[in-house]
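Written below as structure tokens is the structure these notes are about.
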2 protein chains.
Amino acid sequence: MSITSDVIRGHTEPIILSHLIEGDSYGYQINKEIMEKTNNLYELKEATLYSAFRRLEESGLILSYWGDENVGARRRYYAITDKGRKAYQEYKKDWENAKDIIDKLLNNREGSSNE
Amino acid sequence: MSITSDVIRGHTEPIILSHLIEGDSYGYQINKEIMEKTNNLYELKEATLYSAFRRLEESGLILSYWGDENVGARRRYYAITDKGRKAYQEYKKDWENAKDIIDKLLNNREGSSNE
DNA sequence: CGTAGATACCTCGCCTGTCAAGGTATATAT
DNA sequence: ATATATACCTTGACAGGCGAGGTATCTACG
């Protein structure tokens, strides 16, 4: 039910970027927001989340800094870069494309509306 | 461009099932039809295809038999089973669901049309 | 006859993203 | 003290996709 690891594969990074476009945030927060947004249908696992952060930072799509909270646990904040914004737009186009392709391949005798 | 391995992951099996619903077929043919259907935007790689066949047969979603061609290379035909048809319907539902979830997570400030 | 290309099948081993399981530290409440 | 929530992180296993390689048949060309 909800959504499988295989189907989510490759979407973790754009999902994170999409959240960071709305403003800097940190891991725990992003994770909670995803769960809320999907009514608990999808939960990004922590290990997945943090490995995605690492990849995103290594490729320059995000950057990170420690928050200056003086109460509670420390937070590492992430911010999206210009490169990240561009990549996000690309991702979105790719996704629209991929949806069409998969729809076409999954639904026999459909999408053949114009030929 | 076109579609990445990560995004296609998990869709290979339902794509094959979708083709077999229209009638028995064999690897090479299925591969060609996929390319034609997507205008060469997506090509199922042979190694991917045959490993998917194996998984599908092992789990009883398809079965195979050798064609009785007496000219040309031999063909191994595949047929979808009842279990396969059910699995395909499940896959399609899951896919509709996954699309919604990913869309929601990818597009900020959208899909919030009714709340 | 050789060799090129299309048809048709298959296997091996690498790569990469996900995730279960474990760990650390701080603050609050009982 | 002990539990719970917040907040971070690492390690190693697993699985699916795929590059690279292989086999065999038939046709076409020079």
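A note on names: the letters A, B, ... follow the listed sequences, proteins ahead of strands, and every chain is numbered from 1. Treat the numbers as computed from the prediction; the structure is a model and nothing was measured. Hydrogens, waters and symmetry mates play no part in the numbers below; they use all other heavy atoms, side chains included.
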Rounded to whole angstrom units, what separation is found between the [atom1] atom of [X] and the [atom2] atom of [N]?
| X | N | atom1 | atom2 | result |
| --- | --- | --- | --- | --- |
| R54(A) | dT16(C) | CZ | C1' | 14 Å |
| Y77(B) | dC10(C) | OH | P | 13 Å |
| Y50(B) | dG22(D) | OH | P | 18 Å |
| Y65(B) | dA8(C) | OH | P | 14 Å |
| F53(A) | dC8(D) | CZ | P | 8 Å |
| I30(A) | dC9(D) | CD1 | P | 12 Å |
| N31(B) | dA6(C) | CG | C1' | 14 Å |

Review point. When you check every protein heavy atom under 4.0 Å of nucleotides 17-30 of chain C, what one-letter string (B, S, -) results, 5' to 3'?
Key: BBBB-----SS---
Review point. Is I102(A) close to I3(B) at the side-chain level, that is, under 4.5 Å between some pair of heavy atoms?
Key: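 In short, these two side chains touch, coming nearer than 4.5 Å.
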Review point. R75(B) side chain N/O closer than 4.0 Å to the phosphate oxygens (OP1, OP2) of dT25(D)?
Key: no
Point to revise | Any Y26(A) side-chain N or O less than 4.0 Å from OP1/OP2 of dA7(D) | key: yes
Review point. Centres of the F53(A) and Y78(A) rings: under 6.0 Å?
Key: yes
Practice item. Write down the atom of I16(A), the atom of A52(A), and the distance for their closest heavy-atom approach. Key: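 Taking I16(A) first and A52(A) second, the nearest heavy atoms are CD1-CB, 3.6 Å.
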May I ask you to decide whether [X] forms a salt bridge with [Y], counting only side-chain N to carboxylate O separations under 4.0 Å?
| X | Y | value |
| --- | --- | --- |
| E90(A) | K93(A) | yes |
| R9(A) | D6(A) | no |
| R55(A) | E58(A) | no |

Check your understanding: Where each residue is assigned the nucleotide of DNA chain C containing its nearest heavy atom, which of R76(B) and K32(B) is assigned the position nearer the 5′ end?
Key ->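 Looking at the nearest nucleotide for each, K32(B) comes out on the 5' side.
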